[in-house]
Amino acid sequence: MDEHQHPLYFEARGLTDREQVKIWRYFQKRRDSGGGECAMIENIGGDIYKVCFKEKEAQERVLQRKFHTLSLPGGEHRLTVSRSSTLQTPDQPSASQSQVSRKASTKGLEKIFKLEVYLLYYLRDNPKASKLLDKQLSSIGCTVELDFDEEEAVVRGDVEKGPAGGFGGAAEKWEEQVDGVIISLTESYLCYHVFDPKQVKMLLQDRSFAIDYLKVYTERGFAVVVGDTEVVKEKIKDLEKSVPTRKELPVEEKLLKLVEEEFIRGTHTHYPEVKITRGSAVIILEGPDKEVQSGAAKLDELLKKIKEKRVELSSSVLTFIKTSGAISKYQARFRQSLRNPVSLEVGSDLVLCSLSSDALNEAEAAVLRDLHETTVPLQVASDQDKVKEILIKSKNEENQGELRVDLCFIQGPKVRLVGYTETVNKLVKVLQDYQMNQATTQEVINLPHPEMVDCFDQILSLIGKGNIKVTLKALHFPNPCVTMSGPRFLVQEAKEFLTSTLASVVLDTLVLDGPGAQQYFQKEGKVSKELVESSCQVLIKEKQDVQRAQSTSSPVSLTLRPSISRSRFNNVGNVAVNKASLKITLGGLEDEQVHVLVVPMVNKNMTSTEIGKSLLRKAGSTLTAKFESVAAKSILVPGDVLQVDGPPSLGCSKIFFIECLPWDTVRGKSVQALRCGLKRCLDLCVQLGFHSVAFPVIGPGIVLKFPPRDAIEVLTENIRLFGLSASTGSLGTIHVVIKPGYPDSEECYHEVYKHLSLKMNHGGQAIFRSLTSDLDDITMTMGMGVKLQVVFGDITNETTDVVVNTTDFINFDNDGVCKDILNIAGREVEAELKAAKVNRGEVFVSQSGQFPCKAIFHVCGEKDAGVIETLMVSIIDLCETYGFDSVAIPAICAGSGGLDPGVVAGAILRGIRTATPPFLVGGITDIRLILIKIDVFLAFKEEAMQVFPTAVTNTASAPQVYYEQPQPLTASMSLNLNILNTSSTRQQSVYTVIGLCREDIDKAMAKLKDLYQSQCSTHTFRKGELEVLIDEEMTELQQLVDTLDLCVEKDTSGNLTVNGLKDGVMHMRNAFQHSSLRSEMRCREEEDLYNRVSWCILGPTGQWERLPKAANHILEKQHTAREIVDRQGISWTVDLQRMQATSQVTATQLKRLEHLPDFTFPLNWDNMVAGGTLKLVALLHSSAEYRTVKEAFKRTVNKTVMKIERVQNIHLRRAYEVMKKQISDKNACGANEKFLYHGTTQENSDSIIQSGFNRSFAGQNATAYGYGTYFAVNANYSADPRYSRPASDGSQLMFMARVLTGIHTQGHSSMKVPPARNSQQPHDRYDSTVDRMDNPSMYIVFHDSQAYPEYLITFK
């Protein structure tokens, strides 16, 4: 019971907590108000407040004073107190006094400040604060006295009086200074009243408030915190945060279980300061009020989300659920397996509740899956009592521990089973097994081997039938098996017996690797085989078909004609069959899909080159981690290779990083390191079993600074040496990757293609399977056989019926397609074009002039894709009108026209599609799109695949760069040696051996093998004996091999071994001896003929290839009825009148060269008249030789090639070859032959063609690097009019020459011969000089025979 029972009431407007405390303290003081001990001020509504006194006397004393005047922070208030809560508002009096008063004394001034009593207590209790106040007041000559009863601070100061006896202005100044000190005091310290009982309790328990500069004063029902203003605010803020709130939330128990886990998890996540207590059907939340309220709202939200699902079940199943305790079992199971709990309740239906629809669906599916009711009819003829006994017994066994199934017998007769599906099915199976046990049935046992079917009866005799009382039948269909028919229980017994017994049977296969085995054991060896069966207790069954398997020792064909059959005499005949394929790809190395990527680096820094940076950009930190892990454990020197596993983001298994050095001349350590690194990479690919590798052109760039030609030479030479190695292992593909989009990308591509083309063959034999590139021609067969070809090349090399010229009909002298075509066509065509009046979108048709075509179509694309598309339709229509079969078209407006290549490609191809519908019959057959820029070709290639997605597409290698290398006159391998490189198959006889144990099987197989081998014989024919045979003789021997059923094998030395039955081998020996005697004389004749005459065939790359000796002999003897076989093993039929050869897929040209006794004609030369030693041959524009020379010239010269002539000078070439051998023999690195350029005039060119280059003319143009003959690396240097002076018609001349540069050094103007390479050997001189050692652009030779004028180029 409250002890304060005597209330008084007063009225005040909007009192703050602090003002209420001030009034309460006023009524506590009897001296001030007459009151005494009282409760805290309480607001009872509106502006009416109540204060209750403990003693009635105190109440009366307060009432004796009608008005009570208090000084509050908001101003002075006058209170009227009353016994009743109904008050009449009195008139508000004006303030009678201030909080601050000043009075003067005889000695000085005094000023009183009304302060918060707790601030006075703080100044009393905190010496530091008190000293600070005293110090501030003393500085202005004042003292202070604290009056706790009056809650005042009295400040006194000595102020001198003025002449009139008053203080004057000094008093005002003093008062201003004192006010400043007191105001600073009240602003520096804060008195904070805490009224919430929980906060008061926590405040008193919080030890962080028990510090010197913070004081807590407690009163009845509240506490006051005094201290530095900011400190107090921070402390109170922390206090308010820590006051907990408690809230009880009643929830139905079954619903609580559904949301409890979700609610607790969400609350802990979002409101971690809230404590959750679980009661019976109640949740208690404790923590910060805001978070507690949010948690309560979250619980209410979850309860509203609970979903219900009713599952219709039969009454029997619902009864089983209630009686079996399935509800608690399911609820526990769902808590563990489902994301949200599910409750179950049984009524008229099964009611499921959960927060999650998915959980309800899964719970429903589980119940329907787990619980089952079924009714099974009982056979009328069966023993009903026995059936019931079996079922009840099975039910009791299943229900041990828990109720899992219930049953009842109903009319029918039937039995109803209710319970868990698994258990119900068990009882159904028990019933079915019993009822079926007496029924007739059939079972099947699969036999492990088909061979056991045909001899199953014999196998049963071998193993013993046992107590088998059912019908057995072995079958092949649908698979090898044995069927058993009879009563079910007897069938089961038989099945168990046969399954276990057949498992003990051992079956093995004996392969007699050789000919004649079946023939022997079917005839004279049959009795011996039967004796082996009986003695070893086995069955030996012969397979009816003879297997033809690949021989491990490479059996060979004896026929000279490649066969298209699959007999054991197939002849592949291509020495490159197991070699790698080469491909030049355009793109970034990081995009290659190969097993190995090769990357250069410097100082073991992965990103030291642009290639490394590109890989890092695609692979990211994964590659960095792998690289650093391996690099940290490795010490590398230049030429070493660091192996790093490829990350998943790159399409490779390994990355090989080569440690490189920057360029330091061609004979420096940089080239040596690069050679070692490249060789190591290729060797590693073989050792590690990789199938593909991609190389960039390593060296050119700002880091390594290799001259591009030297870098390409190092790379391609390493690839060539690898191809010549004994084994390239599993490495089947080598990519050389060129990054497009750089100024030198096209030149780099041409150089790589040229070098690889030169290295495709060695000594007339292919060392690589193929050379392809991303710039290979694309041929698309469209409707009615029209062929569309996308070609990377120069349109001035085309020989189609029509050539399309792109022009603006105004500027004819600007560099480009128009200028090149008109230079060749001649002035008449140019004049005709200048006079033409052509409207927009029209085609102007002119004569062809000197251009090798029938007509030239001139068009202007107007830099408009729509116009270009229309022009294409017109071009093809005109071809149809004039009856032209073929047309060559450039990329109209894609060059100087400035249109995007993709836009031009789309317009041209759409126009072609419109103009060549699928039903087109007759007319144009070949449309060639000729594209001279890489980016343009790639754009057309991509667009063509999209515009014609259903066309039949073939990729053909572009003509390879043709630089025929002179070959010494040596005898090539004979045709018979080509045959020794072929493979074939051999005969195998296969037997199945069946027995009861492994020992019997092995014993029988050994005996049978010994019987066969005792009847066999072997004979070896040496390689030298084979080389003398011709194809007719080899055909005869092949027929003999087939007749006698023999096998032929080749060993590593090229010898042939014949094996088979003794009589057959002896017959073969006699026939071979007869053939070899006939061949010896013919071989000598072939060798002699081969030294005098060369028959050549034009290869697919445009190069002339020399035919082997046998083919050379056939053609020279004009045995045209016989086929010839080239060095790649391809068979050709020949027509000597037309000098043509035809294979199964193509036709080509033949050529015959008749050599001089002391000079062998180069294969690309034409025949010369008898006694002639000099001939100029104008190259056909359509020839690969012409295109190759022209393309090399045009890489650096933007002028039109008018004519290219091959110089055939026997005397000059003979002297050149002698010099080449001399330099090659002297230098380990060889003669270092290069194709270089030399500008000339008409007069000088005649002299050079007749007599060669003459260094006695040195000084006519320059002698800066010695008195020799000067040759330029790039044609643009020699095309300068200073060296290639124009004729009267503006045409110029230039030689492309073979030059033997050997080992070079820096040239000087004073040199008349190259300097000595070694001071100790003054006669051993350098072979040539250069303008600079780093990437030379000019070579100077000092011997006339060191250069041969290969081609004379006329250009304009």
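Values below: every heavy atom of this structure, side chains too, minus hydrogens, waters and symmetry copies.
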Study note, to complete from the structure: Applied to residues 340-359, the side chain to side chain donor-acceptor pair (under 3.5 Å) test, sequence neighbours excluded, yields Lys254-Glu345
Review point. Does a salt bridge link Glu151 with Lys29, judged by any charged N lying under 4.0 Å from a carboxylate O?
Key: yes
Exercise for review: Please determine if Glu248 and Arg246 form a salt bridge, counting it only when a charged side-chain N lies under 4.0 Å from a carboxylate O.
Suggested key: yes
Check your understanding: Is there side-chain contact between Leu350 and Glu364, with heavy atoms separated by less than 4.5 Å?
Key -> no
Review point. Which pairs pass side chain to side chain donor-acceptor pair (under 3.5 Å) with one or both residues in residues 322-331, sequence neighbours excluded?
Key: Tyr330-Asp370
Review point. Yes or no on side-chain contact (heavy atoms from CB on, under 4.5 Å) for Arg124 and Lys215, after CA distance, side-chain angles and deciding distance?
Key: CA-CA 11 Å; Arg124 179 195 66 191; Lys215 299 298 180 183; over 6 Å; no
Point to revise | Residues Glu308, Arg310; criterion salt bridge (charged side-chain N to carboxylate O under 4.0 Å, His left out); working and verdict | key: CA-CA 7 Å; Glu308 179 181 288; Arg310 305 184 76 86; 3.6 Å; yes
Check your understanding: Does some side-chain heavy atom of Glu37 sit less than 4.5 Å from a side-chain heavy atom of His4?
Key -> yes
Point to revise | From Lys128 atom NZ to Lys131 atom NZ, the distance as rounded to the nearest 0.5 Å | key: 10.5 Å
**Study point:** Exam field: side chain Asp179 to backbone Ile182, donor-acceptor pair closer than 3.5 Å
**Key:** no
Exercise for review: Rounded to the nearest 0.5 Å, what's the gap from OH on Tyr9 to CD1 on Ile48? Could you check?
Suggested key: 10.5 Å
Please tabulate, for side-chain N and O atoms in residues 137-148, each donor-acceptor pair with protein atoms closer than 3.5 Å (sequence neighbours left out).
| from | atom 1 | to | atom 2 | distance (Å) |
| --- | --- | --- | --- | --- |
| Ser138 | OG | Asp134 | O | 3.0 |
| Ser138 | OG | Lys135 | O | 2.9 |
| Ser139 | OG | Gln136 | O | 2.5 |
| Glu145 | OE1 | Arg156 | NH1 | 2.8 |
| Glu145 | OE1 | Arg156 | NH2 | 3.3 |
| Asp147 | OD1 | Asp149 | N | 3.2 |
| Asp147 | OD1 | Glu150 | N | 3.1 |

Point to revise | Under 3.5 Å donor-acceptor, Ser33 side chain and Arg30 backbone | key: no
Check your understanding: Which value, rounded to the nearest 0.5 Å, describes the distance between Lys309 atom NZ and Leu344 atom CG?
Key -> 13.0 Å
Exercise for review: Measure the shortest side-chain to side-chain distance between Arg369 and Thr421 over non-hydrogen atoms and say whether it is less than 4.5 angstrom.
Suggested key: no
Point to revise | Under 3.5 Å: donor-acceptor pair, side chain of Lys307, backbone of Leu355 | key: yes
Review point. Are Val178 and Leu109 side-chain neighbours, meaning at least one heavy-atom pair lies under 4.5 Å?
Key: no
Point to revise | Min side-chain heavy-atom separation Ile321-Val317 under 4.5 Å | key: yes
Exercise for review: Of all the heavy-atom pairs spanning Thr186 and Ile183, show the shortest one and how long it is.
Suggested key: OG1-O, 2.9 Å
Review point. Got a donor-acceptor contact below 3.5 angstrom from the Trp24 side chain to the Cys38 backbone?
Key: yes
Point to revise | pair Val21-Phe222: side-chain heavy atoms closer than 4.5 Å | key: yes
Practice item. Walk me through it: do Val181 and Val155 pass the test side-chain contact (heavy atoms from CB on, under 4.5 Å)? Key: CA-CA 10 Å; Val181 172; Val155 180; over 6 Å; no
Check your understanding: For Lys54 and His6, what are the C-alpha separation, side-chain angles and deciding distance, and is it a side-chain contact (heavy atoms from CB on, under 4.5 Å)?
Key -> CA-CA 6 Å; Lys54 183 176 182 182; His6 308 287; over 6 Å; no
Exercise for review: With Lys111 as reference, evaluate Glu176, Glu175, Glu172, Glu152 under the salt bridge (Lys or Arg N to Asp or Glu O under 4.0 Å) test and give the passing residue.
Suggested key: Glu175
Review point. From Met40 CE over to Tyr49 OH, what is the distance, rounded to the nearest 0.5 angstrom?
Key: 12.0 Å
Exercise for review: Start with the C-alpha distance between Thr80 and Phe10, add both sets of side-chain angles, then the distance that settles side-chain contact (heavy atoms from CB on, under 4.5 Å), and finish with yes or no.
Suggested key: CA-CA 6 Å; Thr80 301; Phe10 63 89; over 6 Å; no
Exercise for review: Indicate yes or no: does Glu57 engage Arg61 in a salt bridge with an N to O separation below 4.0 Å.
Suggested key: no
Exercise for review: Indicate yes or no for a side-chain donor-acceptor contact from Ser184 to the backbone of Gly180 under 3.5 Å, with no hydrogens or angles considered.
Suggested key: no
**Study point:** Gap between atom CG of Leu285 and atom CG of Leu299 - 0.5 Å precision
**Key:** 7.5 Å
Point to revise | Pair Gln293-Lys247, side-chain hydrogen bond (donor to acceptor under 3.5 Å, both in side chains): steps then yes or no | key: CA-CA 8 Å; Gln293 297 303 329; Lys247 190 165 187 175; 2.9 Å; yes
Review point. With ring centroids as reference points, do Tyr122 and Tyr217 lie under 6.0 angstrom apart?
Key: no
**Study point:** Flag side-chain contact, heavy atom, 4.5 Å: Leu256 against Arg278
**Key:** yes
Practice item. Looking only at non-hydrogen atoms, find the nearest pair between Glu11 and Leu79 and report the distance. Key: O-CD2, 4.1 Å
**Study point:** Test item: Thr269 side-chain N/O and Arg265 main-chain N/O as donor-acceptor pair under 3.5 Å
**Key:** yes
Revision key, fill the gap. Closest non-hydrogen contact found for Cys191 with Leu119 is SG-N, 3.7 Å
Exercise for review: Specify the closest pair of heavy atoms between Ser649 and Lys618, including all atoms of both residues, with the distance to one decimal.
Suggested key: O-CE, 3.6 Å
Revision key, fill the gap. Note: Ala326 and Tyr420 closest approach over all heavy atoms is CB-OH, 3.7 Å
Check your understanding: Is the shortest heavy-atom distance from the side chain of Tyr189 to the side chain of Glu116 under 4.5 Å?
Key -> no
Practice item. Give a yes or no on whether a salt bridge exists between Lys22 and Glu19, defined as a side-chain N under 4.0 angstrom from a carboxylate O. Key: no
Check your understanding: Which heavy atom in Cys353 sits nearest to a heavy atom in Leu258, and how many Å separate them?
Key -> O-CD2, 3.5 Å
**Study point:** Inter-residue atom distance His193.NE2 - Asp17.CG, 0.5 Å rounding
**Key:** 9.0 Å
Check your understanding: In terms of heavy-atom contacts, does NZ of Lys626 have more than 12 from other residues, nucleotides or ligands at under 6.0 Å?
Key -> yes
**Study point:** Main-chain N/O of Ile23 paired to His68 side chain as donor or acceptor, under 3.5 Å
**Key:** no
